[in-house]
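Inspection log for the structure reproduced underneath, given as C-alpha coordinates.
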Amino acid sequence: MTDRLTIVTWNINSVRLRMPIIEKLLEEVQPDVLCLQETKCPDANFPVNPLKKAGYEHIQVHGQKGYHGVATISRRPLGNVERRDFCAMGDSRHIAVDVPFNGSALRLHNFYVPAGGDEPDRTVNDKFAHKLDFMAEMRDWLTGAETAKPAVLVGDLNVAPYEHDVWSHKQLLKVVSHTPVETGLMEEIRQAGNWLDAMRRFTPLDEKLYTWWSYRAKDWSKADKGRRLDHVWVSETLDRHIKSTRVLREARGWEKPSDHAPVVAVFEA
DNA sequence: ATGGCGTATGGAATACGA
(Lines give C-alpha, C1' and ligand atoms only; values in the text may rest on other atoms or scores of the structure.)
Protein backbone atom coordinates (compact mmCIF):
# COMPACT_ATOMS: atom_id res chain seq x y z
CA MET A 1 0.00 0.00 0.00
CA THR A 2 1.57 3.25 -1.14
CA ASP A 3 0.86 6.38 0.85
CA ARG A 4 0.83 9.69 -0.96
CA LEU A 5 0.81 13.01 0.86
CA THR A 6 0.41 16.45 -0.71
CA ILE A 7 1.34 19.53 1.32
CA VAL A 8 0.76 23.11 0.18
CA THR A 9 2.32 26.19 1.78
CA TRP A 10 0.87 29.63 1.04
CA ASN A 11 1.29 33.11 2.48
CA ILE A 12 -2.34 34.10 2.14
CA ASN A 13 -2.21 37.76 3.30
CA SER A 14 -5.50 37.66 5.24
CA VAL A 15 -7.31 34.33 5.45
CA ARG A 16 -10.78 35.83 5.74
CA LEU A 17 -10.40 37.97 2.63
CA ARG A 18 -9.06 35.04 0.57
CA MET A 19 -11.57 32.32 1.37
CA PRO A 20 -12.78 32.17 -2.27
CA ILE A 21 -9.30 31.43 -3.64
CA ILE A 22 -8.48 29.10 -0.74
CA GLU A 23 -11.49 27.01 -1.69
CA LYS A 24 -10.41 27.17 -5.33
CA LEU A 25 -6.96 25.88 -4.41
CA LEU A 26 -8.34 23.05 -2.27
CA GLU A 27 -10.61 22.00 -5.11
CA GLU A 28 -7.96 22.17 -7.84
CA VAL A 29 -4.94 20.80 -6.00
CA GLN A 30 -6.70 18.55 -3.45
CA PRO A 31 -3.85 18.74 -0.93
CA ASP A 32 -3.92 16.66 2.22
CA VAL A 33 -2.50 19.54 4.23
CA LEU A 34 -2.53 23.30 3.68
CA CYS A 35 -0.14 25.52 5.65
CA LEU A 36 -1.05 29.19 5.69
CA GLN A 37 0.91 32.25 6.80
CA GLU A 38 -0.15 35.85 7.45
CA THR A 39 -3.67 34.81 8.30
CA LYS A 40 -4.16 38.13 10.17
CA CYS A 41 -6.97 36.57 12.14
CA PRO A 42 -7.65 35.97 15.84
CA ASP A 43 -8.18 32.28 16.57
CA ALA A 44 -11.81 32.82 17.60
CA ASN A 45 -12.61 34.33 14.19
CA PHE A 46 -10.85 31.74 12.02
CA PRO A 47 -13.18 30.57 9.21
CA VAL A 48 -13.27 26.89 10.16
CA ASN A 49 -16.74 26.09 8.83
CA PRO A 50 -16.13 26.44 5.08
CA LEU A 51 -12.87 24.52 5.46
CA LYS A 52 -14.55 21.67 7.29
CA LYS A 53 -17.25 21.64 4.65
CA ALA A 54 -14.50 21.21 2.04
CA GLY A 55 -13.29 18.10 3.86
CA TYR A 56 -10.57 19.66 6.01
CA GLU A 57 -11.78 18.78 9.48
CA HIS A 58 -8.46 19.09 11.31
CA ILE A 59 -7.51 22.71 11.77
CA GLN A 60 -4.81 24.06 14.07
CA VAL A 61 -4.31 27.80 14.28
CA HIS A 62 -1.88 30.19 15.90
CA GLY A 63 -3.24 33.62 15.20
CA GLN A 64 -3.42 37.11 16.62
CA LYS A 65 -5.28 40.30 15.83
CA GLY A 66 -4.19 42.20 12.73
CA TYR A 67 -0.73 40.80 12.08
CA HIS A 68 1.13 37.59 11.33
CA GLY A 69 -0.64 34.32 12.15
CA VAL A 70 -0.19 30.76 10.86
CA ALA A 71 -2.58 27.85 10.41
CA THR A 72 -2.30 24.21 9.43
CA ILE A 73 -5.41 22.71 7.82
CA SER A 74 -5.68 18.99 7.13
CA ARG A 75 -7.79 16.09 5.91
CA ARG A 76 -5.73 13.85 8.18
CA PRO A 77 -5.79 14.02 11.98
CA LEU A 78 -3.16 16.29 13.52
CA GLY A 79 -1.35 15.58 16.76
CA ASN A 80 1.29 16.99 19.12
CA VAL A 81 0.49 20.60 18.32
CA GLU A 82 3.19 23.05 19.33
CA ARG A 83 3.12 26.81 19.06
CA ARG A 84 6.55 28.27 19.73
CA ASP A 85 6.94 31.92 20.65
CA PHE A 86 10.23 32.86 18.97
CA CYS A 87 12.11 35.78 20.54
CA ALA A 88 9.45 35.85 23.31
CA MET A 89 7.60 38.60 21.44
CA GLY A 90 4.15 37.05 21.77
CA ASP A 91 3.97 36.87 17.95
CA SER A 92 2.12 34.09 16.12
CA ARG A 93 4.74 32.91 13.68
CA HIS A 94 5.06 29.17 14.16
CA ILE A 95 2.96 26.06 14.55
CA ALA A 96 4.10 22.44 14.40
CA VAL A 97 1.96 19.30 14.11
CA ASP A 98 2.32 15.58 13.54
CA VAL A 99 0.73 14.33 10.30
CA PRO A 100 0.22 10.61 9.67
CA PHE A 101 2.35 9.45 6.74
CA ASN A 102 3.43 5.98 5.71
CA GLY A 103 2.33 4.46 8.98
CA SER A 104 4.18 6.89 11.23
CA ALA A 105 4.23 10.55 12.23
CA LEU A 106 5.64 13.25 10.00
CA ARG A 107 6.60 16.41 11.93
CA LEU A 108 5.43 19.50 10.03
CA HIS A 109 6.71 22.97 10.97
CA ASN A 110 4.88 25.98 9.55
CA PHE A 111 6.79 29.30 9.81
CA TYR A 112 6.26 32.97 9.15
CA VAL A 113 9.69 34.58 9.59
CA PRO A 114 9.71 38.36 10.23
CA ALA A 115 10.03 40.47 7.10
CA GLY A 116 12.76 42.63 8.61
CA GLY A 117 11.81 46.17 7.60
CA ASP A 118 13.69 48.28 5.08
CA GLU A 119 17.18 49.00 6.40
CA PRO A 120 19.45 45.92 6.49
CA ASP A 121 21.31 47.12 9.58
CA ARG A 122 20.51 45.74 13.01
CA THR A 123 21.94 48.74 14.82
CA VAL A 124 19.39 51.15 13.33
CA ASN A 125 16.49 48.83 12.44
CA ASP A 126 14.84 46.84 15.25
CA LYS A 127 12.83 44.81 12.74
CA PHE A 128 15.97 43.60 11.03
CA ALA A 129 17.51 42.73 14.42
CA HIS A 130 14.35 40.79 15.25
CA LYS A 131 14.56 38.88 11.96
CA LEU A 132 18.19 37.89 12.57
CA ASP A 133 17.46 36.89 16.17
CA PHE A 134 14.47 34.86 15.06
CA MET A 135 16.58 33.02 12.49
CA ALA A 136 19.36 32.37 15.01
CA GLU A 137 16.78 30.85 17.34
CA MET A 138 15.52 28.65 14.50
CA ARG A 139 19.07 27.48 13.88
CA ASP A 140 19.73 26.66 17.53
CA TRP A 141 16.37 24.95 18.08
CA LEU A 142 15.96 22.90 14.90
CA THR A 143 19.09 20.81 15.23
CA GLY A 144 19.90 17.49 13.66
CA ALA A 145 18.46 15.75 16.73
CA GLU A 146 15.07 17.31 16.06
CA THR A 147 15.17 16.47 12.37
CA ALA A 148 16.48 12.90 12.64
CA LYS A 149 12.87 11.77 12.30
CA PRO A 150 10.68 12.45 9.25
CA ALA A 151 10.20 16.21 9.28
CA VAL A 152 9.13 18.97 6.91
CA LEU A 153 9.66 22.69 7.36
CA VAL A 154 7.53 25.00 5.23
CA GLY A 155 6.50 28.60 5.17
CA ASP A 156 7.30 32.17 4.31
CA LEU A 157 10.91 32.38 5.44
CA ASN A 158 11.23 35.87 3.95
CA VAL A 159 14.69 35.12 2.57
CA ALA A 160 15.56 34.39 -1.05
CA PRO A 161 18.80 32.47 -0.52
CA TYR A 162 20.34 31.86 -3.92
CA GLU A 163 21.35 33.98 -6.87
CA HIS A 164 18.46 32.82 -9.04
CA ASP A 165 15.93 33.09 -6.25
CA VAL A 166 15.68 36.79 -7.11
CA TRP A 167 15.22 38.66 -10.39
CA SER A 168 18.54 40.48 -9.98
CA HIS A 169 21.15 39.16 -7.59
CA LYS A 170 23.28 42.27 -8.02
CA GLN A 171 20.49 44.77 -7.47
CA LEU A 172 19.12 42.98 -4.41
CA LEU A 173 22.31 42.34 -2.45
CA LYS A 174 21.54 45.29 -0.17
CA VAL A 175 17.78 44.73 -0.13
CA VAL A 176 16.28 42.97 2.90
CA SER A 177 15.51 39.33 2.00
CA HIS A 178 18.67 38.81 -0.08
CA THR A 179 21.51 40.33 1.97
CA PRO A 180 24.52 38.12 2.73
CA VAL A 181 23.82 38.15 6.49
CA GLU A 182 20.33 36.76 5.88
CA THR A 183 21.25 34.20 3.25
CA GLY A 184 24.19 33.14 5.44
CA LEU A 185 21.93 32.62 8.45
CA MET A 186 19.48 30.70 6.33
CA GLU A 187 22.25 28.37 5.25
CA GLU A 188 23.22 27.90 8.91
CA ILE A 189 19.63 26.93 9.79
CA ARG A 190 19.50 24.51 6.88
CA GLN A 191 22.80 22.86 7.76
CA ALA A 192 22.12 22.73 11.52
CA GLY A 193 19.03 20.63 10.81
CA ASN A 194 20.41 18.70 7.84
CA TRP A 195 17.49 20.00 5.79
CA LEU A 196 17.15 19.50 2.06
CA ASP A 197 15.87 22.45 0.02
CA ALA A 198 13.24 20.41 -1.81
CA MET A 199 12.25 23.09 -4.35
CA ARG A 200 15.81 23.35 -5.59
CA ARG A 201 16.01 19.62 -5.96
CA PHE A 202 13.47 19.81 -8.75
CA THR A 203 14.47 23.16 -10.23
CA PRO A 204 18.20 23.57 -11.02
CA LEU A 205 20.10 26.35 -9.23
CA ASP A 206 20.71 28.23 -12.49
CA GLU A 207 16.99 28.54 -13.24
CA LYS A 208 14.94 31.45 -11.91
CA LEU A 209 12.37 30.39 -9.32
CA TYR A 210 10.03 32.77 -7.48
CA THR A 211 7.08 32.53 -5.12
CA TRP A 212 6.38 36.23 -4.50
CA TRP A 213 5.72 39.20 -6.79
CA SER A 214 5.05 42.72 -5.51
CA TYR A 215 1.55 44.19 -5.69
CA ARG A 216 3.09 47.37 -6.99
CA ALA A 217 4.17 46.19 -10.40
CA LYS A 218 1.86 47.36 -13.15
CA ASP A 219 2.01 43.90 -14.68
CA TRP A 220 3.58 41.50 -12.18
CA SER A 221 3.88 38.62 -14.64
CA LYS A 222 5.39 40.65 -17.45
CA ALA A 223 7.87 42.44 -15.20
CA ASP A 224 8.50 39.14 -13.39
CA LYS A 225 10.58 40.77 -10.67
CA GLY A 226 9.98 38.03 -8.17
CA ARG A 227 11.70 36.43 -5.23
CA ARG A 228 11.64 32.91 -3.77
CA LEU A 229 10.58 33.69 -0.20
CA ASP A 230 8.50 30.57 0.46
CA HIS A 231 10.20 27.26 1.04
CA VAL A 232 9.81 23.52 1.51
CA TRP A 233 12.58 21.80 3.42
CA VAL A 234 12.62 18.09 4.21
CA SER A 235 14.67 16.03 6.63
CA GLU A 236 17.18 13.48 5.38
CA THR A 237 14.83 10.61 6.17
CA LEU A 238 12.28 12.02 3.74
CA ASP A 239 14.84 12.53 1.01
CA ARG A 240 13.70 9.47 -0.92
CA HIS A 241 10.00 10.24 -0.39
CA ILE A 242 9.79 13.75 -1.82
CA LYS A 243 8.53 13.26 -5.38
CA SER A 244 7.88 16.79 -6.65
CA THR A 245 7.52 20.44 -5.80
CA ARG A 246 5.98 23.16 -7.89
CA VAL A 247 5.02 26.82 -7.60
CA LEU A 248 1.39 27.40 -8.54
CA ARG A 249 2.24 30.64 -10.31
CA GLU A 250 -1.22 30.97 -11.85
CA ALA A 251 -2.68 31.59 -8.38
CA ARG A 252 -0.85 34.93 -8.29
CA GLY A 253 -3.21 35.96 -11.09
CA TRP A 254 -6.44 34.76 -9.47
CA GLU A 255 -9.20 37.14 -8.33
CA LYS A 256 -8.03 39.32 -5.41
CA PRO A 257 -4.76 37.39 -5.10
CA SER A 258 -2.20 37.15 -2.35
CA ASP A 259 1.18 38.54 -3.40
CA HIS A 260 2.60 35.04 -2.74
CA ALA A 261 1.92 31.94 -4.85
CA PRO A 262 1.28 28.55 -3.23
CA VAL A 263 4.01 25.91 -3.28
CA VAL A 264 2.89 22.29 -3.72
CA ALA A 265 4.97 19.36 -2.44
CA VAL A 266 4.16 15.70 -3.03
CA PHE A 267 5.50 12.82 -0.89
CA GLU A 268 5.22 9.13 -1.63
CA ALA A 269 5.97 6.22 0.66
C1' DA B 1 9.80 52.23 -11.54
C1' DT B 2 12.15 47.83 -5.30
C1' DG B 3 7.48 50.45 -4.64
C1' DG B 4 3.75 52.90 -8.47
C1' DC B 5 -0.25 48.69 -4.06
C1' DG B 6 -2.86 46.02 -0.61
C1' DT B 7 -4.58 44.84 4.22
C1' DA B 8 -6.00 45.70 9.22
C1' DT B 9 -7.60 48.82 12.32
C1' DG B 10 -11.27 51.74 13.02
C1' DG B 11 -14.18 54.79 11.20
C1' DA B 12 -9.11 58.81 8.93
C1' DA B 13 -4.76 58.14 8.86
C1' DT B 14 -1.24 55.12 10.01
C1' DA B 15 1.50 50.78 10.44
C1' DC B 16 3.17 47.10 7.95
C1' DG B 17 4.61 44.16 4.15
C1' DA B 18 9.28 42.96 1.16
Side-chain angles (χ1 to χ4, degrees), chain A residues 9-22 36-47 61-71 86-87 89-94 111-122 124-135 155-186 208-231 247 249 251-263:
Chain A
T9 180
W10 197 7
N11 178 318
I12 199 63
N13 188 15
S14 172
V15 65
R16 286 172 287 183
L17 205 57
R18 307 282 178 231
M19 277 314 287
I21 60 171
I22 289 173
L36 297 175
Q37 303 87 34
E38 278 208 273
T39 53
K40 299 185 177 178
C41 180
D43 292 352
N45 300 339
F46 200 88
V61 295
H62 186 191
Q64 66 185 87
K65 186 176 176 179
Y67 305 103
H68 325 314
V70 291
F86 283 79
C87 301
M89 304 269 292
D91 282 353
S92 301
R93 296 180 175 276
H94 167 266
F111 274 98
Y112 175 52
V113 173
D118 285 326
E119 190 66 38
D121 178 349
R122 71 174 302 144
V124 298
N125 175 5
D126 290 343
K127 291 180 191 171
F128 194 68
H130 176 214
K131 183 178 195 174
L132 300 185
D133 292 346
F134 189 105
M135 292 180 75
D156 178 2
L157 305 186
N158 265 320
V159 176
Y162 305 130
E163 182 171 343
H164 295 293
D165 292 334
V166 292
W167 63 275
S168 169
H169 173 62
K170 227 176 151 180
Q171 291 181 71
L172 287 168
L173 270 172
K174 291 179 178 173
V175 173
V176 172
S177 73
H178 194 61
T179 64
V181 60
E182 292 167 272
T183 58
L185 256 173
M186 185 175 224
K208 293 292 184 189
L209 185 60
Y210 314 137
T211 63
W212 171 88
W213 295 262
S214 171
Y215 281 127
R216 299 200 191 197
K218 207 183 293 175
D219 182 336
W220 69 272
S221 188
K222 189 177 170 197
D224 203 21
K225 292 183 171 177
R227 304 179 202 171
R228 185 169 71 110
L229 302 178
D230 303 273
H231 299 270
V247 177
R249 182 181 168 117
R252 179 62 179 79
W254 286 351
E255 187 82 10
K256 279 188 75 73
S258 166
D259 45 358
H260 294 252
V263 182

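Convention: sequence-line order gives letters A, B, ...; per-chain numbering from 1.
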Margin query: Could you check whether atom NZ of A/K208 has more than 12 heavy atoms from other residues, nucleotides or ligands sitting under 6.0 Å from it?
Written below: yes
Q) Heavy-atom distance under 4.5 Å between the side chains of A/R228 and A/P161, does that happen here? A) yes
Sorted by chain and number, sequence neighbours left out, side-chain contact (heavy atoms from CB on, under 4.5 Å) with A/D219 holds for A/S221, A/K222
Problem set entry | Pairwise P distance for B/dA8 and B/dA18, with rounding to whole Å | 14 Å
Residue set satisfying salt bridge (charged side-chain N to carboxylate O under 4.0 Å, His left out) with A/R216, at least two apart, ordered chain then number -> none
Does the B/dG6 base have a donor-acceptor partner in the side chain of A/R252 within less than 3.5 Å? no
Inset, instruction - Would you classify A/F128 as touching base, sugar-phosphate or nothing, given that sugar-phosphate means primed atoms plus P, OP1 and OP2, and contacts are heavy atoms under 4.0 Å? - result: nothing
Here the distance between atom C1' of B/dC16 and atom CD of A/Q37, to the nearest Å, is 17 Å
Taken to the nearest whole Å, CZ/A/F134 to C1'/B/dA18 is 16 Å
In whole angstroms, the gap separating P of B/dT2 from CD of A/E119 amounts to 18 Å
| field | Contact check, side chains of A/N13 and A/Y215, non-hydrogen atoms, under 4.5 Å | value | yes
Over all strands shown, is A/D259 touching base, sugar-phosphate only, or nothing at heavy-atom distances under 4.0 angstrom?
nothing
Could you work out the separation of B/dT2 and B/dT14 based on their P atoms and round it to a whole Å?
26 Å
Taken to the nearest whole Å, CG/A/D91 to C1'/B/dC16 is 12 Å
### Beyond-backbone contact of A/R18 with A/L36, side-chain heavy atoms, under 4.5 angstrom
no
note: A/K218, atom NZ; B/dT2, atom C1'; distance rounded to Å ~ 15 Å
ring-ring contact (aromatic ring centres under 6.0 Å, His included) filter on A/Y67, not counting sequence neighbours, yields none
query = Looking only at atom P, what distance separates B/dG11 and B/dG17, rounded to whole Å?
reply = 22 Å
- Pick base, sugar-phosphate or nothing for A/D219, based on heavy-atom distances below 4.0 Å to the nucleic acid. nothing
Atom NE2 of A/H260 and atom C1' of B/dC16 are separated, to the nearest Å, by 13 Å
Quiz item: A/W167 side-chain donor-acceptor pair to B/dT2 base, under 3.5 Å: yes
### Message
Would you measure the distance from the C1' atom in B/dG10 across to the matching atom in B/dC16 and give it in whole Å?
### Response
16 Å
Whole-Å distance, A/R216 CZ to B/dG3 C1', equals 4 Å
- Determine whether the side chains of A/H94 and A/H62 contain a donor N or O and an acceptor N or O closer than 3.5 Å. no
Sequence neighbours excluded, the answer for side-chain contact (heavy atoms from CB on, under 4.5 Å) partners of A/P120 is A/F128, A/V176, A/T179
A/N125 CG to B/dC16 C1', in whole Å, measures 12 Å
Give a yes/no on whether any side-chain N or O of A/K127 is located under 4.0 angstrom from OP1 or OP2 of B/dG17. yes
Here the residues of residues 169-181 of chain A within 4.0 Å heavy-atom distance, strictly under, of DNA chain B are A/L172, A/V175, A/S177
Residue pair A/E38/A/K225 against DNA chain B: nearer the 5' end by closest nucleotide is A/K225
Between A/S214 and A/R252 the two heavy atoms that sit nearest each other are O-NH2, 3.1 Å
I'd like a list of close polar pairs between nucleotides 7-14 of chain B and the protein, N/O only, cut-off under 3.5 Å.
| unit_1 | atom_1 | unit_2 | atom_2 | d |
| --- | --- | --- | --- | --- |
| B/dT7 | OP1 | A/R18 | NH1 | 2.9 |
| B/dT7 | OP1 | A/R18 | NH2 | 3.1 |
| B/dA8 | OP1 | A/S14 | OG | 2.3 |
| B/dT9 | OP1 | A/G66 | N | 3.2 |

*Side-chain N or O of A/H68 closer than 4.0 Å to phosphate OP1/OP2 of B/dC16*: no
